[in-house]
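Below: one structure, written as structure tokens.
Since this is a predicted model, take the numbers as computed values, not measurements.
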Amino acid sequence: MAAELTTTKLNAESHLLLDQPLLRLPHEFARKNFKIVQKHVERENKDVLSALKSTANASLAGQDASKTVASLDNMINRMRGLKRKMETLHSEEKALHQASRKRIQHLQNLYEIPSLADVKYDEWSRVRLNRLLVDYLLRCGYVESARALAREKGIEELVDLEVFVQCHRIEESLRRKSTQECLAWCAEHRPMMKKLDNRLEFELRLQQYIELRRNGQLVEARQHAQKYLTQHAGTYLEEVNRAAGLLAYRPDTQVQEYKKLYSESRWDDLAKLFVNTHHELFSLPARPLLHIALSAGLSALKTPSCHSKHASSTANASSTTTSVCPICSTELNDLARNLPYAHHTKSYVENDPVVLPNGRVYGRDRLLEMSAKVGLDASQVKDPTTSVIYPASEIRKVYIS
């Protein structure tokens, strides 16, 4: 009974390893929202105080009253504009807090489930599975399918629809050879990108330079390089020097170094670089969470016999001795082939194991008992799975190492 309770006891901490992005993203957006508010307030405070001081001094110096009133009206309008921005940002912050509250409650529900056998755990797991499916659909670009699934299951606040929608839109714009949307995104997140020492914005500016050179706009290309590339010479000196050399080579050059710069595949590389930067910026895993969960589950069940050249007794649905192994099934066997084996600290091998000539392993006592039940004498044994009869002298003892 004690062993059974230990097996079915739910360890919430280990379950939540997969759910860390659930709270990280709202936190990152809340922090970004706060930084924007801080920037607006500091800028308006500085400008308005300066304008107020100038207006007061001018008024004391005998400035016309109409100009003073106009200056005050301008400051009032700026404050009203700031108020509107603050209201918009406050609404966004409220939505973020509401989403965070829902997500925290979803995770808290797991701590209130005592056992894996509890029906509430099945319900919680289904919600998580739906979340993982929505995450997978979003990463693959199936936005409408993901939105419909989230709406049907009532988990809109547990998934990051708009974040991935924006990411997918910018990724597609890069594949269409447009840098404008991605550059605007970089400008919006420049402070965060500087902390990561990310090269996305430099690569985008370099690509603009390459396109100008491709179109024969040499003067514009040089001006673009002076404005956007030379400032990065301290960090990307080799790339900047190579870009300068590009002016001497036409798009049809066979010089490998410059042919690579002119390659159309750079757009795909930029799209991938943006997605990686986006996920790193918002603490999102590079791989779909569904893949991570599936890999962990397959690896936990996988044993060397699952991919042995000898068929395992668990791979046969007609076996009456053991249940069918999921990894040995045709659906999952290839998926699990390159995954590591599970690390089992407890052995479930039967006592005194022996191996038959066909490679199947059974416990000696159980094998002899079943053979006797079907009327065989002590000199013969029958494989319970394949029904093949072997001489008892051909079975060999197995030593576990």
Side-chain angles (χ1 to χ4, degrees), residues 25 28-40 42-43 85 88-89 92 138-139 141 143 160-247 251 258 260-284 286:
L25 196 62
E28 293 295 337
F29 273 103
R31 186 170 65 175
K32 173 189 167 186
N33 190 286
F34 174 76
K35 292 292 185 183
I36 294 173
V37 170
Q38 188 179 37
K39 183 177 69 174
H40 284 317
E42 288 177 353
R43 184 177 64 233
K85 291 177 182 177
T88 301
L89 291 168
E92 292 177 5
L138 287 171
R139 289 171 183 267
V143 175
D160 305 301
L161 285 166
E162 297 308 318
V163 175
F164 281 101
V165 167
Q166 182 193 43
C167 178
H168 182 66
R169 185 179 67 248
I170 297 176
E171 179 189 3
E172 288 303 309
S173 73
L174 287 172
R175 297 188 188 280
R176 294 194 304 269
K177 303 180 181 180
S178 172
T179 59
Q180 297 307 313
E181 283 192 63
C182 193
L183 282 171
W185 184 88
C186 288
E188 183 182 353
H189 301 88
R190 187 170 290 123
M192 299 169 67
M193 292 175 65
K194 281 185 178 179
K195 293 181 179 179
L196 299 176
D197 194 23
N198 190 274
R199 62 183 294 139
L200 174 61
E201 187 170 3
F202 171 78
E203 292 292 343
L204 291 169
R205 293 300 185 185
L206 176 59
Q207 188 63 38
Q208 287 183 322
Y209 169 81
I210 293 170
E211 295 306 315
L212 288 171
R213 176 62 187 90
R214 192 196 306 274
N215 296 330
Q217 299 171 271
L218 298 182
V219 175
E220 292 83 350
R222 283 196 294 268
Q223 292 173 345
H224 180 87
Q226 290 172 356
K227 183 176 181 180
Y228 296 111
L229 300 185
T230 55
Q231 60 180 302
H232 296 286
T235 309
Y236 306 114
L237 179 60
E238 183 179 347
E239 290 85 347
V240 172
N241 289 338
R242 188 180 299 119
L246 197 69
L247 292 172
Y258 296 102
K260 187 176 180 181
L261 286 176
Y262 280 120
S263 174
E264 296 292 337
S265 64
R266 268 186 58 87
W267 288 105
D268 288 333
D269 295 338
L270 282 173
K272 293 175 183 176
L273 177 60
F274 163 71
V275 172
N276 292 337
T277 301
H278 177 274
H279 291 355
E280 184 181 6
L281 214 62
F282 295 118
S283 301
L284 293 169

Quick one: pull up CG in D160 and CG in L138 and give me the separation to the nearest 0.5 Å. 8.5 Å
Do NZ/NE/NH1/NH2 and the carboxylate oxygens of R176 and E172 come within less than 4.0 Å? no
Criterion side-chain contact (heavy atoms from CB on, under 4.5 Å) on W185 and L204, from CA distance to verdict: CA-CA 12 Å; W185 184 88; L204 291 169; over 6 Å; no
Can you sort out the partners of F282 under ring pair (Phe, Tyr, Trp, His ring centres under 6.0 Å), two or more places apart, ordered by chain and number? F29, H189, H278
Result block: side-chain N/O donor-acceptor pairs under 3.5 angstrom for residues 161-171, not counting sequence neighbours:
from	atom 1	to	atom 2	distance (Å)
E162	OE2	R147	NH1	3.3
R169	NE	E181	OE1	3.1
E171	OE2	R175	NH2	3.0

Restricting to salt bridge (Lys or Arg N to Asp or Glu O under 4.0 Å), what partner residues turn up for K177, sequence neighbours left out? E264
With sequence neighbours left out, what residues match R43 under side-chain hydrogen bond (donor to acceptor under 3.5 Å, both in side chains)? H40
Residues which pass salt bridge (Lys or Arg N to Asp or Glu O under 4.0 Å) with E280, listed by chain and number, not counting sequence neighbours: none
Contacts of type ring pair (Phe, Tyr, Trp, His ring centres under 6.0 Å), residue Y262, not counting sequence neighbours: none
Report the C-alpha separation of R242 and K260 in whole Å, then their side-chain angles, then the decisive distance to 0.1 Å, and conclude whether the side-chain contact (heavy atoms from CB on, under 4.5 Å) test is met. CA-CA 11 Å; R242 188 180 299 119; K260 187 176 180 181; over 6 Å; no
Which residues pass the side-chain hydrogen bond (donor to acceptor under 3.5 Å, both in side chains) test with E188, not counting sequence neighbours? K32
Where at least one partner belongs to residues 193-208, residue pairs that pass side chain to side chain donor-acceptor pair (under 3.5 Å), sequence neighbours excluded: T179-Q208, R190-E201, N198-T277, R199-E203, R199-E239, E203-R266, R205-Q208, Q207-E211, Q207-R266
According to side chain to side chain contact (heavy atoms under 4.5 Å, CB included), who are the partners of S283, at least two apart in sequence or on a separate chain? R24, E28
CG of D269 to CG of L174, rounded to nearest 0.5 Å, is 11.0 Å
Test of understanding: with side chain to side chain contact (heavy atoms under 4.5 Å, CB included), list the residues that count as partners of L218, not counting sequence neighbours. R213, R222, L247
F34 CZ to L89 CG distance, which is reported to the nearest 0.5 Å: 12.0 Å
For S265, what residues pass the side-chain hydrogen bond (donor to acceptor under 3.5 Å, both in side chains) criterion, not counting sequence neighbours? S263
Applying side chain to side chain donor-acceptor pair (under 3.5 Å), which residue pairs with at least one partner in residues 223-236 are found, sequence neighbours left out? none
